[in-house]
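Residue numbers begin at 1 in each chain, while the letters A, B, ... track the order of the sequences. Computed from a predicted model, the values in this text were never measured in an experiment.
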Amino acid sequence: MRDKDNMSVILLEWYDRHAREMPWRVSPQARKGGTLPDPYAVWMSEIMLQQTTVATVKDYFIRFITRWPTVADLAAAEDAAVMAEWAGLGYYARARNLLKCARAVVADHGGAFPADHAALLKLPGIGPYTAAAVSSIAFDLPHAVLDGNVERVMARLHDIHTPLPTAKPELMARAEALTPATRPGDYAQAVMDLGATICTPRNPACGICPWRDPCAARVAGTAADLPRKLPKKAKPTRYGTVYLGRRADGAWLLETRPERGLLGGMLGWPGSEWAEGDAPEATPPAPGDWTELPGEVRHTFTHFHLILRVMRADLPADCTPTRGSFRTRAEFGPADLPTVMRKAFDLAQ
DNA sequence: AAACCGGGGTA
DNA sequence: TACCCAGGTTT
């Protein structure tokens with residue numbers, strides 16, 4: 001029962017009955033018939049799924065694949081069009097690397113994703129996890145995927161109490177030891193599905209788990225407490241000011257943020273720096289009768305909380321801004337903004 | 001090795 | 001409101 005081949009067979013039998021439908025996925029039945037998914041679609045979905053839930057990704061994936069059906073189409077896209085389509089999904093470096101990677105696949109690989117794990121790893125935005133996911137799911141090569149789901153499943157299956165990230169090499173070794181030579185692509189998706197639907201962070205459904213018998217943590221009663229994690233440090237709060245200027249024709253004064261750093265390459269409102277402690281000095285991006293809006297914008301990023309004052313002004317038709325540029329109603333919609341900037345827009349409506 | 005990157009869901 | 005989740009890149 002604990003034999004490696006039996007373990008994978010048991011999980012694959014469960015997956016054959018319970019595989020979740022996803023727009024980028026080929027069913028286990030179709031895969032048994034020899035159909036493999038489009039590597040471009042697998043890659044696109046895996047980039048979007050980094051740090052992001054399936055429910056959120058689905059709509060974005062459909063829009064991207066519909067608008068850019070092949071990697072060559074994406075490689076030829078305008079940078080600003082891709083960034084606007086990505087708005088709201090977060091971690092915007094992913095979108096910049098998405099384009100870089102598409103262009104590298106066209107330039108260096110003749111427009112076809114390589115199957116080889118090492119070649120995938122050299123592409124922008126593709127790390128160990130994504131390289132293993134693409135080579136296993138799209139090409140059925142036996143590479144072990146180790147995402148947060150698999151880390152949790154392995155920690156529980158083997159009752160590993162070492163906290164993350166220290167435990168990562170051991171969890172990887174366990175994941176590799178279990179990866180089968182037959183149907184490795186379905187196996188990779190199966191173990192991640194198991195973590196997402198049965199072996200969940202809280203309240204794992206051990207009673208209906210296909211690996212219930214061999215699971216060491218279920219026997220020890222420690223499943224819900226694993227994996228252990230090193231404590232994280234508290235988030236500081238930063239303060240800042242943004243300026244929402246509107247011209248009589250309805251155009252808004254916006255700026256494109258620098259390529260690197262927070263919200264890199266995205267549209268935003270001109271404003272002050274964001275700093276801890278006292279609110280930093282703020283200079284309007286154009287002369288005008290600026291008034292502070294009631295309320296404030298609160299937003300939390302990965303490593304700090306942000307509180308923004310929002311200033312509003314109606315600007316003259318001949319306004320010459322010192323920062324940013326006007327975008328007409330046709331050139332701009334709030335959906336093009338990252339969430340924190342859209343919150344400021346909502347406050348002004 | 002540690003810090004830097006958003007947004008959504010749940011309690 | 002507070003807390004949880006989670007790969008890749010940069011420094």
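Note that CH2 of A/Trp24 is 11.5 Å distant from CE of A/Met44, once rounded to the nearest 0.5 Å. Taken from NE2 in A/His143 to CD1 in A/Ile137, the straight-line distance is 12.5 Å, to the nearest 0.5 Å. Note that CG of A/Leu253 is 12.0 Å distant from OH of A/Tyr243, once rounded to the nearest 0.5 Å.
Using atom C1' as the reference point in both B/dG8 and C/dT9, the two lie 23 Å apart (nearest Å). For C/dC3 and B/dG6, the P atoms lie 22 Å apart once the distance is rounded to whole Å. Nucleotides B/dC5 and C/dC5, compared at atom P, are 23 Å apart to the nearest Å. Between B/dG9 and C/dG8, the two C1' atoms lie 23 Å apart (nearest whole Å).
Nucleic acid contact for A/Lys235: none, since no nucleic acid atom lies under 4.0 Å from a heavy atom of the residue. Within the 4.0 angstrom heavy-atom criterion, no nucleotide atom of any strand lies near A/Gly264. At a threshold of 4.0 angstrom between heavy atoms, the contacts of A/Tyr129 are confined to the sugar-phosphate backbone, with no base atom among them.
In this structure, A/Met341 places its CE atom 12 Å from C1' of B/dG6, rounding to the nearest Å. Atom CD in A/Glu151 sits roughly 15 Å away from atom C1' in C/dC4 (whole-Å rounding). Atom-to-atom, NE2 of A/His305 to C1' of C/dC4 comes out at 13 Å; the value is rounded to the nearest Å. The distance from atom OH of A/Tyr91 to atom P of C/dT9 is 14 Å, rounded to the nearest whole Å. Atom pair A/Lys229:NZ and C/dC3:P shows a separation of 16 Å (rounding to whole Å applied). In this structure, OH of A/Tyr92 is placed 19 Å from P of C/dG8, rounded to the nearest angstrom. In this structure, A/Lys343 places its NZ atom 9 Å from C1' of B/dG7, rounding to the nearest Å. The distance between atom CG of A/Leu98 and atom C1' of C/dT9, rounded to the nearest whole Å, is 15 Å.
Looking at the side chain of A/His299, the nearest of the listed nucleotides B/dG6, B/dC4, C/dT11 is B/dG6. Closest contact between the side chain of A/Arg202 and the listed nucleotides C/dT9, B/dT10, C/dG7 involves B/dT10. Residue A/Pro201 has its side chain nearest to C/dC5 when only C/dC5, C/dT9, B/dG6 are considered. Of the listed nucleotides (B/dG7, B/dC5, C/dT9), B/dG7 has the atom at the smallest distance from the side chain of A/Pro338.
In summary, A/Arg103 and A/Asp79 engage in a salt bridge, as defined by a charged side-chain N under 4.0 Å from a carboxylate O. Using a cutoff of 4.0 Å between basic side-chain nitrogens and carboxylate oxygens, A/Asp108 and A/Lys122 are not scored as salt-bridged.
The side-chain contact (heavy atoms from CB on, under 4.5 Å) test with A/Met83 is passed by exactly one of A/Glu78, A/Met266, A/Arg257: A/Met266.
For the OP1/OP2 pair of B/dA3 and a distance below 4.0 Å, the side-chain nitrogens and oxygens of A/His303 include no atom meeting the criterion. Distances shorter than 4.0 Å separate some side-chain N or O of A/Arg260 from OP1 or OP2 on C/dT11. Contact between the side-chain N/O atoms of A/Arg152 and the OP1/OP2 oxygens of C/dA6 is found at a separation under 4.0 Å.
In this structure, A/Arg342 fails the cation-pi test against A/Phe345, since its NZ or CZ atom is not both closer than 6.0 Å to the six-membered ring centre and inside 45 degrees of the ring normal.
Side chain A/Thr339 to base B/dG6: no donor-acceptor pair is found below 3.5 Å.
When ring centroids are compared, A/Phe64 and A/Phe61 stay outside the 6.0 Å threshold.
Scanning residues 44-61 of chain A for heavy-atom distances under 4.0 Å to DNA chain C yields A/Gln50, A/Gln51.
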